[in-house]
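Below: one structure, written as structure tokens.
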Amino acid sequence: MSKTAMLLLAALGAAAPAVADSGWETILDGHDLNGWQQVGPGKFVLEDGLLKTQGGMGMLWFTPRKIGNATIRIVYKTANQAANSGVFIRIPEKPTEPWMPVNRGYEVQIDDSENENHVTGVLYSLTKAMARPGKPGDWNEMEITLDGPRTVVVVNGAKVTDYTEGQPVPPKVETWEPDRGPRAMEGYIGLQNHSDKDVVWFKEVSIRPLALASGPGPATSPDVQKLDAQRFDAMVRSDAAALDGLLADDLVYTHASGKVDGKASFLDDIKTGQLRYKVIRPEDPKLSVYGDTAVATGLAAVEVNNHGQELNMKLRYTDVWVKRGGKWQMVAWQATRLPAP
């Protein structure tokens, strides 16, 4: 940044631009609970600009969208060393009760009194703590990075967890421990309220998308997996601007109905609301990279309003990405609708 620009920012007050430039989006700031919803017993209450747990076991979850290929920052404080809470990630569907996130997502634990598989920063009962940097009774900063199949948890600057899907985990011992098995590449997130004796305050929850790899050299599977996840997310949010950057100008988009769109007609349907994706839930995604071409395949549960027709279906899809001029874009999509079970 030039000296002149720095002086101008100083004169205008640089706080807001600095936040914008950082890429962080604050989704919980202690002022209101817009976009958040409680499931299960207990609740969260706002007190003096902080979110406080009360009763349980329940969960407050972020409703607008799933989160993937991003870093989630949580600033929290526990009442004492044994105060129990957690941050849920990779929840594959909208939760209606508090145990589904336990068994089908991951709980990043908050509890400084437990053993190495159940202490702050681990994926509860699944991973072993690499460090124990929690500060009971003081403010803590936790950053959870979801990078494709990889989950990294850093607490107060120290890495506690670095886990990639498919790595071995301990067997399930207790009934309240989560079911074992793979988790979604992206999912809803939530905060746990555990019980009346477990009091935890939350000051901030923010999200920052991961930067995509760029420049010379071959792509890796996670690079394109991030882009595919971003595309699905942009479709659900009807974000035509984001899709414009992800889709190639010569796109051939073949719907499950057999209709074929180009980029312009597809984006026009998104912009005008003729095509409104409500849910896209990928299952068993696979990706193969061949130099400057990548082929993604998988299943997806899709809920969409297509020109006034409500559709709830499962698809088998193939999409093709090509790297041109150092930038990956999707050039083809083919979907086949599977028969209802």
Side-chain angles (χ1 to χ4, degrees), residues 20-21 23 25 65-70 147-148 185-186 208-283 285-309 311 313 315-337:
D21 288 346
E25 173 195 2
R65 65 183 187 274
K66 295 181 179 181
I67 306 299
N69 296 308
D147 188 358
M185 291 291 175
E186 60 176 7
R208 182 174 64 188
L210 296 185
L212 294 172
S214 61
T220 61
S221 294
D223 293 337
V224 187
Q225 285 172 332
K226 294 174 192 176
L227 291 169
D228 229 14
Q230 286 183 13
R231 179 178 63 86
F232 285 139
D233 180 62
M235 288 166 67
V236 172
R237 291 186 291 108
S238 298
D239 189 342
L243 289 169
D244 184 49
L246 292 167
L247 305 178
D249 290 341
D250 55 350
L251 171 75
V252 177
Y253 196 103
T254 306
H255 296 264
S257 64
K259 177 187 174 184
V260 178
D261 268 319
K263 178 177 178 177
S265 58
F266 178 70
L267 291 183
D268 188 58
D269 277 352
I270 295 287
K271 292 174 185 176
T272 59
Q274 295 296 314
L275 197 57
R276 289 186 290 108
Y277 291 92
K278 300 175 181 179
V279 174
I280 303 177
R281 188 167 59 250
E283 300 174 13
K286 293 181 174 63
L287 186 110
S288 300
V289 178
Y290 310 95
D292 288 343
T293 302
V295 179
T297 60
L299 302 174
V302 177
E303 295 178 27
V304 60
N305 184 298
N306 189 346
H307 291 76
Q309 183 181 11
L311 299 172
M313 54 191 171
L315 306 176
R316 185 175 299 279
Y317 68 86
T318 300
D319 56 33
V320 181
W321 295 77
V322 172
K323 189 175 186 181
R324 297 166 174 162
K327 181 179 181 180
W328 285 93
Q329 290 187 310
M330 195 180 81
V331 297
W333 163 271
Q334 170 73 55
T336 301
R337 185 172 182 173

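From a predicted model like this one, the values you see are computed outputs, not experimental measurements. Quick note: numbers below take in every heavy atom, side chains included, and nothing from hydrogens, waters or symmetry partners.
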Test of understanding: with side-chain hydrogen bond (donor to acceptor under 3.5 Å, both in side chains), list the residues that count as partners of [X], not counting sequence neighbours.
X: Glu25; result: Arg65
X: Asp244; result: Lys263
X: Ser265; result: Asp261

Rounded distance [0.5 Å steps], [atom1] in [X] versus [atom2] in [Y]:
X: Ile67; Y: Asp233; atom1: CD1; atom2: CG; answer: 7.0 Å
X: Leu311; Y: Asn305; atom1: CG; atom2: CG; answer: 8.0 Å
X: Arg337; Y: Arg316; atom1: CZ; atom2: CZ; answer: 15.0 Å
X: Lys323; Y: Thr293; atom1: NZ; atom2: OG1; answer: 11.5 Å

- Task: Among Lys226, Gln230, Gln225, Arg231, find the residue that satisfies the side chain to side chain contact (heavy atoms under 4.5 Å, CB included) test when tested with Asp228.
- Result: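 The residue from Lys226, Gln230, Gln225, Arg231 that satisfies side chain to side chain contact (heavy atoms under 4.5 Å, CB included) with Asp228 turns out to be Arg231.
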Can you name the residues that form a side-chain contact (heavy atoms from CB on, under 4.5 Å) with [X], not counting sequence neighbours?
X: Ala301; value: Arg281, Glu283
X: Thr336; value: Gln334
X: Lys327; value: Gln329
X: Ala234; value: Arg237, Asp239, Ala242, Leu243

key: salt bridge (Lys or Arg N to Asp or Glu O under 4.0 Å) contacts in which one or both residues fall within residues 265-274, not counting sequence neighbours   =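 Residue pairs passing salt bridge (Lys or Arg N to Asp or Glu O under 4.0 Å), neighbours aside: Lys259-Asp269.
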TODO: Please test Leu246 against Met330 for side chain to side chain contact (heavy atoms under 4.5 Å, CB included), starting from the C-alpha separation and ending with a verdict.
DONE: CA-CA 6 Å; Leu246 292 167; Met330 195 180 81; over 6 Å; no
Write down the atom of [X], the atom of [Y], and the distance for their closest heavy-atom approach.
X: Ala248; Y: Val331; result: CB-CG1, 3.7 Å
X: Leu267; Y: Ala240; result: CD2-O, 4.1 Å
X: Leu251; Y: Ala332; result: CD1-N, 3.9 Å

Tell me if a side-chain donor or acceptor on Asp292 pairs with a main-chain N or O of Val322 at a distance below 3.5 Å.
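No; judged by distance alone, with no hydrogens or angles, the pair does not exist.
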Check your understanding: Is Leu275 close to His255 at the side-chain level, that is, under 4.5 Å between some pair of heavy atoms?
Key ->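 His255 vs Leu275: side chains touch.
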- Task: Determine whether Lys66 and Val236 make a side-chain contact, defined as any pair of heavy atoms from C-beta on separated by less than 4.5 Å.
- Result: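 The answer is no; the side chains never approach within 4.5 Å.
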### Task
Under the salt bridge (charged side-chain N to carboxylate O under 4.0 Å, His left out) rule, collect the residues that match up with Arg276, sequence neighbours excluded.
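Per chain and number, Arg276 pairs via salt bridge (charged side-chain N to carboxylate O under 4.0 Å, His left out) with no residue.
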The criterion is salt bridge (charged side-chain N to carboxylate O under 4.0 Å, His left out); which residues satisfy it with Asp250, sequence neighbours excluded?
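For Asp250 the salt bridge (charged side-chain N to carboxylate O under 4.0 Å, His left out) partners, ignoring immediate neighbours, are Arg324.
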- With side chain to side chain contact (heavy atoms under 4.5 Å, CB included) as the test, would you mind laying out the steps for Trp321 and Val289 before giving the verdict? CA-CA 9 Å; Trp321 295 77; Val289 178; over 6 Å; no
Open item on the list: Holding to ring-ring contact (aromatic ring centres under 6.0 Å, His included), I want the full list of residues that pass it with Tyr317, two or more places apart in sequence or in another chain.
Closed with: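 Counting only residues at least two positions away or on another chain, Tyr317 forms a ring-ring contact (aromatic ring centres under 6.0 Å, His included) with Phe232, Trp333.
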Worksheet entry | Working for side chain to side chain contact (heavy atoms under 4.5 Å, CB included), residues Asn69 and Asp147 | CA-CA 5 Å; Asn69 296 308; Asp147 188 358; 4.3 Å; yes
